[in-house]
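Each remark here refers to the structure printed beneath this line.
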There are 2 protein chains.
Amino acid sequence: MAEQRGAVRRRDTTQTVCAAIRADVVGRVFTPGERLTEEGLAARYRVSRIPVREALRTLESEGFVHSRPYAGTFVAELSESEAEDLLGIRLLMEPFGAERAALRRTPVQLATLELLIAEAREMLDAGSAGGPAGLAELNTRFHQVLAEASGSPTLAALVAQLGYKISWVYSLGHPRRAPESWAEHEGIVQALRDRDPDAARERVAEHIRRAQAAYRLRGKH
Amino acid sequence: MAEQRGAVRRRDTTQTVCAAIRADVVGRVFTPGERLTEEGLAARYRVSRIPVREALRTLESEGFVHSRPYAGTFVAELSESEAEDLLGIRLLMEPFGAERAALRRTPVQLATLELLIAEAREMLDAGSAGGPAGLAELNTRFHQVLAEASGSPTLAALVAQLGYKISWVYSLGHPRRAPESWAEHEGIVQALRDRDPDAARERVAEHIRRAQAAYRLRGKH
DNA sequence: CGGGGGACCATTGCATACAACTATTACGGG
DNA sequence: CCCGTAATAGTTGTATGCAATGGTCCCCCG
């Protein structure tokens, strides 16, 4: 369990460690402002310091940690306004990507999105048997595939980074509006199926505005 | 000269190497698709492989290179549509940032922008004595400071990454519209001075649309 | 002569080891 | 008792070295 947590098959170590640290940051295992020692992380994931260092450089450029030479690496702290801006940026980029995706999506991407919706519906019908974590995972993947369907690797990468950060912010308290959310996803996929860029853009924009509103309500803690 | 190119003061090596490689990628010293060997880069910049590796991880997450385990690192290739999308994304993000900047800019940031404009005007009046590279550098910094003035570190980082990539694309052939460009910059700063978010957003949008148009004209090669 | 398979080599991935710097703490002076 | 300074310890930065893997070239076979 914790023993084998980061036991890598001597391959892809850096990427695995990077994902693990990011997951632990997003999952609030490491609290914002906390100092991360390379040796501590190395021990935690059962690797040496080199993969840890490389993972930290990636996470730094993604904005999850920041480090000063010889001083150490610290988990980033997102201000409230920063969290708000994140949602604003997302509201810009995802509709833009969806517009492109309506024109450029491949059949495989379309089918993947439909598959994700089907899996989500199954989970919802089963009464969240897969757990809310499963739905959140599906949601992340949905938005990820949607971004990739835009045909722009840069845009997809940016959306992915944003998605991680928003998960981080949202982790304070998940708004529970999964059924509505997935219904909206269906509308988005329909627009992609119809190759209707305007509808795709508008539906994604509306989807994100609603998520944003739900977040703001939860934000009053 | 080339001898001392990457001779680092035994500090900040990784960041310096990262910037150097990025500059060489943007400057077309390394051509898209080219394979970069760690040892070759280490020799070029007079450092060991470790800083090179870490720099490459950063550049990978920024999208300038891509690497597969054990296979090597390759300079990324930007398709024409990808270049077009880059400009589209910039057209989304920079006006958004400018809107925020009009409300959040600090006096120091405002003064910095004014300083940059003054320096640019001096160069222009001197008949591009500082060289076009100097103006391009000032342009990059202007947009960088403008993005930072939005008060959102995430947004600033994204704009910075985009800026590098756009410099890369533009390096195929610089559109020479520096005088008009800097006149527009003045209008933008005026909007920030007036704390007028709508004007700031619109002027930046117009500025970028014109740069985009100039690029498209040049693009017909 | 063209295509497939295998061995060699270059290169990457990772761990260990040493040097350099920061932060903390203890000590002495005011 | 507080502040400034210096030594110390802990952590980061970099170099060297070895094991694992992918790419390439050559040989053999069809």
Side-chain angles (χ1 to χ4, degrees), chain A residues 3-22 24-25 30-77, chain B residues 3-22 24-25 30-77:
Chain A
E3 186 76 20
Q4 281 290 341
R5 182 166 194 137
V8 190
R9 298 166 201 72
R10 188 148 193 86
R11 172 178 186 165
D12 273 346
T13 311
T14 295
Q15 288 187 9
T16 307
V17 169
C18 179
I21 298 176
R22 183 165 42 214
D24 283 340
V25 169
F30 304 132
T31 61
E34 179 177 353
R35 178 174 187 172
L36 302 177
T37 70
E38 298 178 356
E39 207 155 351
L41 294 173
R44 177 179 178 83
Y45 304 111
R46 296 283 192 276
V47 293
S48 112
R49 279 178 50 212
I50 277 76
V52 170
R53 283 180 63 81
E54 296 184 7
L56 288 177
R57 295 287 97 69
T58 298
L59 292 172
E60 182 173 15
S61 87
E62 290 177 1
F64 288 101
V65 304
H66 62 96
S67 59
R68 296 199 317 278
Y70 290 102
T73 302
F74 301 85
V75 179
E77 308 181 53
Chain B
E3 186 75 20
Q4 283 290 340
R5 181 166 196 136
V8 189
R9 298 169 203 70
R10 187 149 194 84
R11 172 179 188 165
D12 274 346
T13 311
T14 295
Q15 287 188 10
T16 306
V17 169
C18 179
I21 298 176
R22 183 166 41 215
D24 282 342
V25 169
F30 303 133
T31 61
E34 179 177 352
R35 177 174 187 172
L36 301 176
T37 70
E38 297 178 356
E39 207 156 349
L41 294 172
R44 177 178 177 82
Y45 304 112
R46 297 281 192 276
V47 293
S48 110
R49 278 177 50 210
I50 278 77
V52 170
R53 284 180 61 83
E54 296 184 6
L56 288 177
R57 290 301 158 286
T58 297
L59 292 172
E60 182 173 16
S61 87
E62 290 178 0
F64 287 101
V65 303
H66 61 96
S67 58
R68 296 197 317 275
Y70 290 103
T73 302
F74 301 86
V75 179
E77 308 181 54

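In what follows, every chain begins at residue 1, and chains take the letters A, B, ... in the order their sequences are listed.
Every side chain to side chain contact (heavy atoms under 4.5 Å, CB included) that B:Arg35 has, sequence neighbours left out, goes to B:Phe74. Residues meeting the salt bridge (Lys or Arg N to Asp or Glu O under 4.0 Å) test with A:Glu60, sequence neighbours left out: A:Arg57.
For B:Ser48, whose side chain is taken as the heavy atoms from C-beta onward, the closest listed nucleotide among C:dA15, D:dA15, D:dG13 is D:dA15. Closest to the side chain of A:Val47, from the set D:dT12, C:dA15, D:dT14, is C:dA15. Nearest to the side chain of B:Arg57, among C:dG13, D:dT12, D:dA15, sits C:dG13. When each of D:dT14, D:dG13, C:dT12 is scored by its nearest atom to the side-chain atoms of B:Arg53, the top-ranked nucleotide is C:dT12.
Looking only at atom types and distance, the side chain of B:Ser61 has a donor-acceptor partner in the side chain of A:Ser61 under 3.5 Å away. Checking A:Tyr45 against A:Asp24 by side-chain atom types alone, a donor-acceptor pair falls below 3.5 Å.
Summarising the geometry of A:Ala76 relative to A:Gly63, their closest heavy-atom pair is CB-O, 3.5 Å, with the distance given to 0.1 Å. Annotation for A:Val75 and A:Pro32: closest pair CG1-CA, 3.7 Å, computed over non-hydrogen atoms.
We find that CD of B:Glu39 is positioned 9 Å from C1' of C:dA10, with the value rounded to whole Å. A:Ile50 places its CD1 atom 15 Å from the P atom of D:dG17, with the value rounded to the nearest Å. Here D:dT12 presents its C1' atom at 6 Å from CD of A:Glu38, a figure rounded to the nearest Å. Atom P of nucleotide C:dG13 and atom CZ of A:Arg46 are separated by 24 Å, given to the nearest angstrom. C:dG13 atom P lies 9 Å from atom CD of B:Glu60, rounded to whole Å. Distance NE2 (B:His66) to C1' (C:dT12): 16 Å, rounded to an integer number of Å. A:Glu54 places its CD atom 13 Å from the P atom of D:dT14, with the value rounded to the nearest Å.
Checked for salt-bridge contact, A:Arg53 and B:Glu54 meet the test: a charged N lies under 4.0 Å from a carboxylate O.
Between C:dT12 and B:Ser67, no contact under 4.0 Å exists linking OP1 or OP2 to a side-chain N or O.
Contacts of B:Leu56 with the nucleic acid, taken as non-hydrogen atoms under 4.0 Å apart, are absent.
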Give me the distances for all protein-to-nucleotides 23-25 of chain C N/O pairs that come in under 3.5 Å?
from	atom 1	to	atom 2	distance (Å)
C:dA23	OP1	A:Arg68	NH2	3.1

